[in-house]
Enquirer: 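Please see the structure below; I have some questions.
Sequence lines set the chain letters: A, B, ... in the order given, protein chains first and strands last, and positions in each chain run from 1.
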Amino acid sequence: MRFTFTTEPARFIERPNRYVILAEIRSGVTVRAHCPDPGRLRELLIPGATVHLSSTPREGRRTTHELRFVERPETGLLISLDSRLPNALFREALDERTLEPFSDWTAYEPEVFLPASGGRIRSRADFLLRGQDGARTWVEVKSATLVEDRCAYFPDAVTERGRRHLEELAAIARSGERAAVCFIVQRPDADMLRPQWDRDPAFAEALEEAERAGVLLTAYNADITLSEATLRRRIPVLTGRP
DNA sequence: GCAGGATAGCGTCGGGCATG
DNA sequence: CATGCCCGACGCTATCCTGC
C-alpha cells in the first residue's frame, strides 16, 4: 500500500496526552502532531527519538501534523504508528487475496455487529467474510508495534475491550461458525507474536481460551518505508506462557 | 489521611441519523 | 438525494471520590 502523504523527520520531545505529541522539525520549530496510536508506546516514544510527521493543515484541526513513524534508535528501522493502517492493509490483502487463510471469500463486509450473546451490547468485528460454501468467518484485526528480541507483544496496554472481543469470537467458534484474529505487526523485525502475560494476563488467558475454542490465530509482520507498507510474511502466534 | 478505584478529557475520524 | 451535525471509539493520565 502506497502512502498518500509525504513526511519530514523530527525529534520527539514529549507526549502531553495520548493523542498529541510535540516534536521539533528541522527548522527548529516545535510542532504539535496528532498521535494516531493511543497505545502506551513507552518503548518507542523516547525523548530525542527520530519520528516522521506528515503535514495536515486543515481548518479546525488542533494539530498541524500527523505522527506516522518512529525510528528504532540503533538501526533506524521504521515502525508505523498509525492504528488505522492494519485495517487498511488487511482489506487490501483481502482484495488481492494474498493472505492464504483469508483468500477464499465470495463477499466481505467491514465493521459488522457480532451476533448478540446473552442479550449484552453487541460489539463489532472488523470483517465478516462469506466463503464459497456460504460459511461465515468473523475476523478481528489487531495492531501491534512493540517488539523485543524479535518477538512481537500484544497488547501494549491492558485492553478490556480486546479481551471481550476474544470471548465473543470464542463463542462464535463454539457455535460452529468460523472466527479469526489477525495481528498486524507494523514493522518487519518480528518472527513471532505472544500476548503480554505480565501486563495483561486476562487478555492472554482469553487468547488461549479462544484458540482452544477453535478461533484461528494469525499474525503478519510488515515492511515499512517512508512511501509504502507491505505485509511481509505470516509469523506464528504463541499463546502459552513463555 | 491514605490508598486504590472510578472517571473525564484529550484529537480525529467516520457512521448514522436528521434536516433541507 | 445531498449535506452536515453529533456522537462513539480508542487508551493514557490526572484528578476526584470512596471507603477504610
Enquirer: Quick one: A:D82 CG to B:dG11 C1', roughly how many Å, whole number?
Expert: 13 Å

Enquirer: Nearest heavy-atom pair of A:A190 and A:N221: which atoms, and what distance?
Expert: O-ND2, 3.0 Å

Enquirer: Rounded to whole Å, how long is the line connecting atom CG of A:D126 with atom P of B:dG15?
Expert: 13 Å

Enquirer: Are there more than 12 heavy atoms of other residues, nucleotides or ligands under 6.0 Å from atom CG of A:D149?
Expert: no

Enquirer: So what does A:R15 touch, heavy atoms closer than 4.0 Å: a base, only the sugar-phosphate, or nothing?
Expert: nothing

Enquirer: Please report the closest heavy-atom contact between A:H52 and A:T50, naming both atoms and the distance.
Expert: NE2-CG2, 4.0 Å

Enquirer: Measure from CG on A:L85 to C1' on B:dT12 and round the result to the nearest Å.
Expert: 16 Å

Enquirer: Through what angle, rounded to 10 degrees, does the axis of the helix from B:dG1-C:dC20 to B:dG20-C:dC1 turn between its ends, using five pairs per end?
Expert: 60°

Enquirer: When the distance from OH of A:Y19 to P of C:dG8 is rounded to whole Å, what number comes out?
Expert: 14 Å

Enquirer: Please determine whether a side-chain nitrogen or oxygen atom of A:R40 lies at a distance below 4.0 Å from atom OP1 or OP2 of C:dT13.
Expert: no

Enquirer: When you measure from the side chain of A:W197 to the backbone N and O of A:T239, does any donor-acceptor pair fall under 3.5 Å?
Expert: yes

Enquirer: So which nucleotide from C:dT13, B:dG11, B:dC13 ends up closest to the side chain of A:H34?
Expert: B:dG11

Enquirer: Measure the distance from CD on A:E14 to C1' on C:dT13 and round it to the nearest whole Å.
Expert: 13 Å

Enquirer: To the nearest angstrom, how far is A:R68 atom CZ from B:dT12 atom P?
Expert: 12 Å

Enquirer: From the options B:dG11, B:dT12, C:dT13, select the nucleotide whose nearest atom is closest to the side chain of A:R42.
Expert: C:dT13

Enquirer: Report yes or no: does A:R42 contribute a side-chain atom to a donor-acceptor pair with the main-chain N or O of A:D156 at less than 3.5 Å?
Expert: no

Enquirer: Taking atom C1' of B:dG11 as reference, at what distance in whole Å does atom NE2 of A:H65 sit?
Expert: 16 Å

Enquirer: So, using ring-ring contact (aromatic ring centres under 6.0 Å, His included) as the criterion, who are the partners of A:F69 when residues are at least two apart?
Expert: A:F3

Enquirer: Contact class for A:T159 vs. all strands (heavy atom < 4.0 Å): base, sugar-phosphate, or nothing?
Expert: sugar-phosphate

Enquirer: Could you check which of C:dT13, B:dC13, B:dG11 has an atom nearest any side-chain atom of A:V20?
Expert: B:dG11

Enquirer: Are more than 12 heavy atoms, taken from residues, nucleotides or ligands other than A:R97, located less than 6.0 Å from that residue's CZ atom?
Expert: yes

Enquirer: Mind calculating the distance between CD (A:E140) and C1' (C:dA9) to the nearest angstrom?
Expert: 13 Å

